Amino acid sequence: MMEMLFYLAALVALLATVLALTRANAAHALIYLIVSLLAVAVLFFLMGAPFAAALEIVIYAGAIMVLFVFVIMMLNVGEEGVAREREWLGGRNWIVPGILSALLLLELLLALRHAPAATSGTAVAPKAIGLTLFGPYVLAVEIASMLLLSGLVGAYHLGRRFIVRRERKR
Amino acid sequence: MNGLQIPMEQVLALAGILFSCGLLGLMLRRNIIFMLMSLEVMLNAAALAFVAAGAKWSQADGQIIFLLILTVAAAEVAVGLGLVLQIQRRFKTLDMDQARRLRG
């Protein structure tokens, strides 16, 4: 019974991802992407990783996707943008990327064919994650904080001139 | 609640399919916003594989790598969306084929 939930969530994740990457309207694609991330969060929870599931919802579906929503609203592409996107999507553009990624997927599935194991079925509590994160992985935490700082500075530098120019125009 | 016992190759196959969907989207789309979304899908598929591996040995390491992937995704999206705004302002389009010059 519970295994059915897993396969259902996996199906939802796959369908939502495919729909998200084939939409012409960016806002619709974003909503499908959020559905896909929520389905992956359900997968995490069912595999016994409740902390990862909560982070997936809070940070991925909450924070990162809201950034996308803001940018799409600021850009305001409109109807002609959607029509141009639909024109780019059609026809022969699919052939080469489709063949390449299908080949890679086929190789991956062939390599995975002999992996006779299952997930353990015991959940990993957030306490164990915290102990490991600030024990052996404390250097990784430092590196992640440096990365976030450089991302912050880069985003500020790139966005600053945009904001200044918009104000001058008024 | 405890976890489920899912065959490992099915989870990894799901992660692989999601990853190749993201790769297909990255090569197919010309709009930079959709390219960033495809990158998110690919990072998410890699995170799924890590969490599944962590669940197999019931160790915390998989979820810690998931946290680090989350950090990378957040930093990448912040810088990428700043670039999107600059490209839209300079080239008046989101088509990546138009933004070929290194100095705009």
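Per chain, numbering begins at 1; letters A, B, ... match sequence-line order. Source: prediction; values computed, not measured.
- Surrounding CZ of F50(B) are at most 12 heavy atoms belonging to other residues, nucleotides or ligands under 6.0 Å away.
- In this structure, the separation between CG on L158(A) and CG on L83(B) is 5.0 Å, given to the nearest 0.5 Å.
- Within the 4.5 angstrom heavy-atom criterion, only side-chain atoms of L33(A), from C-beta onward, approach chain B.
- Connection of V77(B) to V58(A) is established within a shared hydrophobic cluster, with ILVMFWY side chains joined at heavy-atom distances below 4.5 Å, either directly or through further cluster members.
- Of the listed residues (V18(A), L152(A), L55(A), L149(A)), the one with the most heavy-atom contacts under 4.5 Å to chain B is L55(A).
- If you tally non-hydrogen atom pairs under 4.5 Å between each of A45(B), A13(B), S58(B), G25(B) and chain A, the highest count goes to S58(B).
- The structure places CG of L46(A) at 7.0 Å from CD1 of I6(B), a figure rounded to the nearest 0.5 Å.
- Annotation: maximal heavy-atom pairing with chain B below 4.5 Å, among L105(A), I59(A), V96(A), occurs at L105(A).
- Contacts with chain A were tallied for L23(B), L70(B), L26(B), L67(B); L70(B) has the most, counting heavy-atom pairs under 4.5 Å.
- Both the backbone and the side chain of Q5(B) come within contact range of chain A, with heavy atoms under 4.5 Å apart.
- With a 4.5 Å cut-off on non-hydrogen atoms, E3(A) touches chain B through its backbone and its side chain both.
- Only one option out of I64(B), L68(B), D61(B) pairs with L133(A) in a side-chain contact (heavy atoms from CB on, under 4.5 Å); it is I64(B).
- Both the backbone and the side chain of L67(A) come within contact range of chain B, each with at least one heavy atom under 4.5 Å from a heavy atom of that chain.
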Just do the side chain to side chain contact (heavy atoms under 4.5 Å, CB included) check on W94(A) and L24(B) with the steps written out, would you? CA-CA 9 Å; W94(A) 282 84; L24(B) 175 64; 4.1 Å; yes
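- The six-membered or imidazole ring of F51(A) lies away from that of F66(B), with a centre-to-centre distance of 6.0 Å or more.
- Among the candidates A49(A), A128(A), A140(A), the residue making the largest number of heavy-atom pairs closer than 4.5 Å to chain B is A49(A).
- Atom-to-atom distance recorded for R29(B):CZ and R23(A):CZ is 9.0 Å, nearest 0.5 angstrom.
- In this structure, the portion of Y7(A) lying under 4.5 Å from any heavy atom of chain B is its side chain and not its backbone.
- One hydrophobic cluster holds both M73(A) and V71(A) under the rule that ILVMFWY side chains link at heavy-atom gaps under 4.5 Å.
- Chosen from G151(A), A155(A), A20(A), A52(A), the residue pairing most often with chain B at heavy-atom distances under 4.5 Å is A52(A).
- Under the 4.5 Å side-chain criterion, counting only non-hydrogen atoms from C-beta, L4(B) is not in contact with M47(A).
- Contacts of A41(A) with chain B are absent, with no heavy-atom separation under 4.5 Å from either backbone or side chain.
- Counting only heavy atoms from C-beta outward, the side chains of V124(A) and Q63(B) approach each other to under 4.5 Å.
- With chain A as partner, the option from V41(B), V11(B), N44(B) having the largest number of non-hydrogen pairs under 4.5 angstrom is N44(B).
- Hydrophobic clustering places M37(B) together with L75(A) (ILVMFWY residues linked when any side-chain heavy atoms are closer than 4.5 Å, directly or through intermediates).
- At a threshold of 4.5 Å between non-hydrogen side-chain atoms, the residues L48(B) and F44(A) count as touching.
- One finds the CG atom of L43(A) at 6.0 Å from the CG atom of L14(B) (value rounded to the nearest 0.5 Å).
- Between chain B and the residues T119(A), T22(A), V40(A), L5(A), the most heavy-atom pairs under 4.5 angstrom are made by T119(A).
- Rounding to the nearest 0.5 Å places CD of E40(B) at 10.0 Å from CG of L30(A).
- In this structure, chain B has heavy atoms under 4.5 Å from both the backbone and the side chain of F68(A).
- Top candidate by heavy-atom pairs under 4.5 Å with chain A, chosen from V84(B), L36(B), I17(B), is I17(B).
- Using a 4.5 Å cut-off between heavy atoms, L104(A) touches chain B through its side chain atoms alone.
- For the set A102(A), S120(A), G154(A), A26(A), the count of heavy-atom pairs under 4.5 angstrom toward chain B peaks at S120(A).
- When all heavy atoms of A117(A) and K56(B) are compared, the pair lying nearest together is CB-CE, 3.2 Å.
- Neither the backbone nor the side chain of A125(A) comes within contact range of chain B; no heavy atoms are under 4.5 Å apart.
- A continuous path of Ile, Leu, Val, Met, Phe, Trp and Tyr side chains, each step under 4.5 Å between heavy atoms, connects V69(A) with L38(A), placing both in one hydrophobic cluster.
- Residues V51(B) and I57(A) are members of one and the same hydrophobic cluster, defined by side-chain heavy-atom contacts under 4.5 angstrom among Ile, Leu, Val, Met, Phe, Trp and Tyr.
- By the 4.0 Å N-to-carboxylate-O rule, R30(B) lies too far from E85(A) to be salt-bridged with it.
- Heavy atoms closer than 4.5 Å to chain B are found nowhere in S145(A), neither backbone nor side chain.
- No part of I87(B) comes within reach of chain A, as not one of its non-hydrogen atoms sits under 4.5 angstrom from that chain.
- Looking at L108(A), only its side chain comes within 4.5 Å of chain B, counting heavy atoms on both sides.
- With a threshold of 4.5 angstrom between heavy atoms, V79(B) approaches chain A through its backbone and through its side chain.
- Here the straight-line distance linking atom CG of L21(A) with atom CG of L18(B) works out to 10.0 Å at 0.5 Å rounding.
- For chain B, the nearby parts of T132(A) are the backbone and the side chain; heavy atoms of each come within less than 4.5 Å.
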